[in-house]
Every structure is written in C-alpha cells, then in structure tokens.
Amino acid sequence: MLKNKLSNAFLELAPSPMLKMFQATAKYKNLINLGVGEPDLDSPPEVIEALKEAVDAGFTHYPPMNGYPDLRAEVCNYWGDFHGLKLTPDEVLITSGGIQAIYLVLTAFINPGDEVIVTDPCFPSYIGQARYVGGKLVGVPVYEKDGFVLTAEALKTHITPASKLLILNSPSNPTGAVIPRDEMEKIAKVVEKHDLMVLSDEIYESYVFEGEHVSFATLPGMAGRTITLGGFSKTYAMTGWRLGYLMGNVDIMRVLSVLSTDTVMGVPAMIQRAGVVALRDCRGFVKDAAALYKERVDAVAKLVNATPGMSCVKPKGSFYVFANIEKTGLSALDFAMKMIEEARVIVTPGTACGKNANNFVRISCNGTPEVLAEAFKRMTDALSGKPFVD
C-alpha cells in the first residue's frame, strides 16, 4: 500500500550495494577505513574556538537566509585571491554543505525529462539527486588511459536536444582527475554552442598536486551560465559542520535562496560565524593540509602499484586513488567485500560511482604512513589467501 503512495521518483529504489558493505562493517573490529570521503584531520582549533565564542555571544537564533554578509564577503576574498573568480557578496549563497547545494541547483533547473550530463564515474549523489527531481542522468564515460579527464569531444557525442545541465567536478571524486585549462576552454565552447548551464563542483579546489585549478566560471563567456560550488568540508576538514556555498549570477542566487529558505531556513548561525574565521585566518591550515595529502596520495599510489592484482594512475588532485583491480578477477563490490571480510580494510567499490567503474575501487588516502602500510599489507595478504585474524 505504501508503494502506491510514494512519489514516482522513489518507486524503483533498490537496496544500495553500499548497504551490504555497511552491514558487513558492523560485524568486525580492527577495521582500517580507506573508504570514507573526508579528511582524517581535525578542524582547525581557531574555528572550533570561534564556534564556542559565537554561542556565548548569542548566535543561536535564525541567521540571514542567504548567509551573513561578512561570511559571503570572505568567500569572495578567498576565490578572488586563489582562483581569480571575481564576485560580490550578492553572488554568494551559504548552504548546508555541498549536498544541499547540489540539490538546490537541480531542483531549480531540471524539469522531468531534462538531461543532466555527468562523467561516468562520478560523485554518487549526482546520480540519486538527478533522479529525485525527475531528470535523466547521462553519463559520459571517462577512462584510465586518459587520466579519467572529461574531453570536449566525448562531451559533444552525449549532447541531445534534451540536454540542460552539465555537472563538472575537477578535481574529481572519485578519480582524482584534474581537467587542464586547454580542455576546459574546449568544453566551454561546447557548453556555449549547445546553451548548457553548468554546475561546477569545485569542492576539492585546494587539493591540486599537478597542474592548476581552473575555476570554470573564469573562462570567457562562462560566468553567466556557471554556478560554482565550494565549501568547508574538504578544505578545512569541516565535514561535520555542514557548511558550503554556491556562487553565480545574482538572479539565480535569489531563486536558490528562496528554495534554501523553504528547506532549511538558513545555515546555523554559530557555524557561519566559525566559517568566517576559517576563510579569514586558516590559509596556513589549507596549505599544510594540501602538502600532507600530496605526500599521502603519492604514497598510496606507490602502494597500489606494488600490490599484486592492483594498479593505478597517480591522481593529480583530490585525496583519492582510483585503483584498478581488474587483474584480481573480482568485481568492484566483491573486491570491497573481500577486503572487509578478509583484510578488515574498507574501500569504496567503483560501481557506487557509475556503470563504468566495475574494475575499480576508490581509496581515501587517510592515515599515517604506518596505518597505510598496514592496510596494504592486509590487502596483499588477503589477495594471496592469507586472511587477517583479529
């Protein structure tokens, strides 16, 4: 009976393969988690202190619905200084993390049947959210031999009259791909020719190890048709704070602000006050975190390539390694389950990120060198028939 009452978007939901993994992890101890998509660093102490001070100062009431003006001004300062993206505070909307930000954009732009173009593989939330708003997800396969970089040529072959929104994600979750400037410029020409809107998810902008981060809205002709997503979760190790933002055309921000007001009634006041301190006073933290994760990504890439049955191309950004496990003969989910059950190591199966990744797993580069070495020792042992014993 309940099924007859649900929205059509939820009638065909099947149990996620990830649910099977989560249930399995509950059975075991001594797990090393290389599956979680967040830094294992603590939030900066000055940000934590700012939150306490804000609570003591009475920031416990409704905030401005689009965000405090000084927080939006600091967002402008950050993106202007680091990425040459020139903004005014009216072009910034503070959101409850990046996930809400994505949903706001999809809700505002996608009618039933409109096509949302993403790379395959991509960040899993794009897949579900596009479906929830009635959009048709169109995945453009990206390949290991190309560094998982989306090309303008590949994009062109997937555009139809129903195409409306392109979601770009550079640096990429899960692949770590960074789209070079020359390819970004070619993509921009395709976008303009086919009159697409673009959601540029730049949540990993501070984690670029080779090349440069190109903010898509800075390219010629793209400012008016690009909504840029940024946030605090990855850059400042603030995943639990749920603080993000969107940047773009003033008229679009007004619409998204109305939607945000009707769904969350503003981001908690004290968290926004802490966000001001993060942007203003924690640039050293960002630099140090990026250097640390470059070391870890380099180390994990070497460990992957030294593990029988596994290989990878070294990612140019993010803090993930997208490891090829085809030579093990296992599917992505079977490999991930084997690692939980026989190595007590959690990795993310590539199939959570799209149809084009059944031979891959995503590895988050979290942990000390000793922890990472232990994780790969366990995985190597499991692959050679020697399961970990608690």
Side-chain angles (χ1 to χ4, degrees), residues 83 85 102 105-106 108-111 113-131 133-205 208 210-229 248-249 252 313 315-318 320 322 350 353-358 360:
H83 305 304
L85 183 57
I102 297 166
V105 174
L106 289 170
F109 281 93
I110 300 304
N111 294 310
D114 286 343
E115 291 179 352
V116 179
I117 303 174
V118 299
T119 59
D120 183 0
C122 69
F123 177 46
S125 287
Y126 304 154
I127 300 170
Q129 290 194 18
R131 182 173 67 243
V133 300
K136 179 183 177 183
L137 196 79
V138 176
V140 182
V142 290
Y143 298 102
E144 184 179 31
K145 64 183 177 61
D146 303 317
F148 299 106
V149 169
L150 175 68
T151 66
E153 285 299 315
L155 173 61
K156 282 193 294 188
T157 65
H158 288 76
I159 294 175
T160 75
S163 301
K164 192 169 190 181
L165 178 72
L166 167 65
I167 302 181
L168 286 176
N169 181 210
S170 178
S172 163
N173 174 7
T175 67
V178 174
I179 304 175
R181 179 176 291 274
D182 61 345
E183 199 62 51
M184 283 282 202
E185 291 170 347
K186 294 175 186 176
I187 291 171
K189 291 178 180 178
V190 175
V191 164
E192 188 167 33
K193 178 179 179 180
H194 294 277
D195 194 27
L196 300 178
M197 291 298 297
V198 177
L199 172 59
S200 186
D201 181 350
E202 301 179 23
I203 201 78
Y204 293 92
E205 46 80 25
V208 175
E210 292 185 43
E212 62 174 329
H213 177 68
V214 179
S215 191
F216 194 73
T218 63
L219 299 177
M222 292 301 104
R225 63 174 70 247
T226 302
I227 303 161
T228 305
L229 185 157
N249 176 278
I252 294 174
V313 295
K316 295 185 177 180
S318 79
Y320 306 112
F322 208 49
C353 306
K355 299 175 181 178
N356 192 42
N358 193 41
F360 295 87

*Could you tell me which residues satisfy side-chain contact (heavy atoms from CB on, under 4.5 Å) with Thr160, sequence neighbours excluded, listed by chain and number?*
Glu115, Ala162, Ser163
*State whether the side chain of Ser215 and the backbone N or O of Thr218 hold a donor-acceptor pair below 3.5 Å, judged by distance alone.*
no
*Minimum heavy-atom distance between Ala152 and Glu183, given as atom pair plus value*: N-OE2, 2.8 Å
*Shortest non-hydrogen contact from Gly147 toward Ala177*: O-CB, 3.3 Å
_Would you say that Pro171 contacts Lys316 through its side chain, given a criterion of any heavy-atom pair below 4.5 Å between the two side chains?_
no
*Spacing of Ile159 atom CD1 and Ile117 atom CD1 [to the nearest 0.5 Å]*: 5.0 Å
*With the side chain counted from C-beta on, respond yes when Ser170 and Met184 share a heavy-atom pair under 4.5 Å apart, and no when they do not.*
yes
*Calculate, to the nearest 0.5 Å, the distance between atoms CD1 and NZ belonging to Ile110 and Lys164 respectively.*
6.0 Å
_Side-chain touch Pro315/Thr175, heavy atoms, less than 4.5 angstrom_ = no
*Kindly indicate, with the supporting measurements, whether the criterion side-chain contact (heavy atoms from CB on, under 4.5 Å) is fulfilled by Thr119 and Asn169.*
CA-CA 8 Å; Thr119 59; Asn169 181 210; 5.9 Å; no
*Please test Val178 against Glu210 for side-chain contact (heavy atoms from CB on, under 4.5 Å), starting from the C-alpha separation and ending with a verdict.*
CA-CA 8 Å; Val178 174; Glu210 292 185 43; over 6 Å; no
*Report the residues that fulfil salt bridge (charged side-chain N to carboxylate O under 4.0 Å, His left out) with Glu192, sequence neighbours left out, ordered by chain and then residue number.*
none
*Would you call Ser318 and Asn173 a side-chain contact if the rule is heavy atoms closer than 4.5 Å?*
no
_Trace of the side-chain contact (heavy atoms from CB on, under 4.5 Å) decision for Ile252 with Phe109_ = CA-CA 10 Å; Ile252 294 174; Phe109 281 93; 3.9 Å; yes
*Of the non-hydrogen atoms in Gly354 and Ile127, which two are nearest, and what is the gap between them?*
N-CD1, 4.1 Å
*Could you list all the ring-ring contact (aromatic ring centres under 6.0 Å, His included) pairs where at least one residue sits in residues 147-181, not counting sequence neighbours?*
Phe148-Phe322, Phe148-Phe360
_Trace of the side-chain contact (heavy atoms from CB on, under 4.5 Å) decision for Leu106 with Tyr126_ = CA-CA 9 Å; Leu106 289 170; Tyr126 304 154; over 6 Å; no
*Is the shortest heavy-atom distance from the side chain of Val214 to the side chain of Ile179 under 4.5 Å?*
no
_For the CD1 atom of Ile167 and the CG atom of Leu137, what is their distance to the nearest 0.5 Å?_
7.5 Å
_Within-4.5 Å side-chain heavy-atom neighbours: Asp146 and Thr151_ = no
*asked:* Donor-acceptor check, side chain of Arg225 to backbone of Leu196, threshold 3.5 angstrom: yes or no?
replied: yes
*Would you give the length of the straight line joining atom CD of Glu212 to atom NE2 of His83, rounded to the nearest 0.5 angstrom?*
10.5 Å
*Pairwise distance CG(Leu155) to NZ(Lys186) - rounded to 0.5 angstrom*: 13.0 Å
*Looking at side-chain heavy atoms only, is the closest gap between Gln129 and Val116 below 4.5 Å?*
no
*asked:* Could you measure the distance from the CG atom of Leu166 to the NE2 atom of His194? Nearest 0.5 Å is fine.
replied: 11.5 Å
*Test item: Leu219 and Glu185 side chains (from C-beta on) under 4.5 Å apart, heavy atoms*: yes
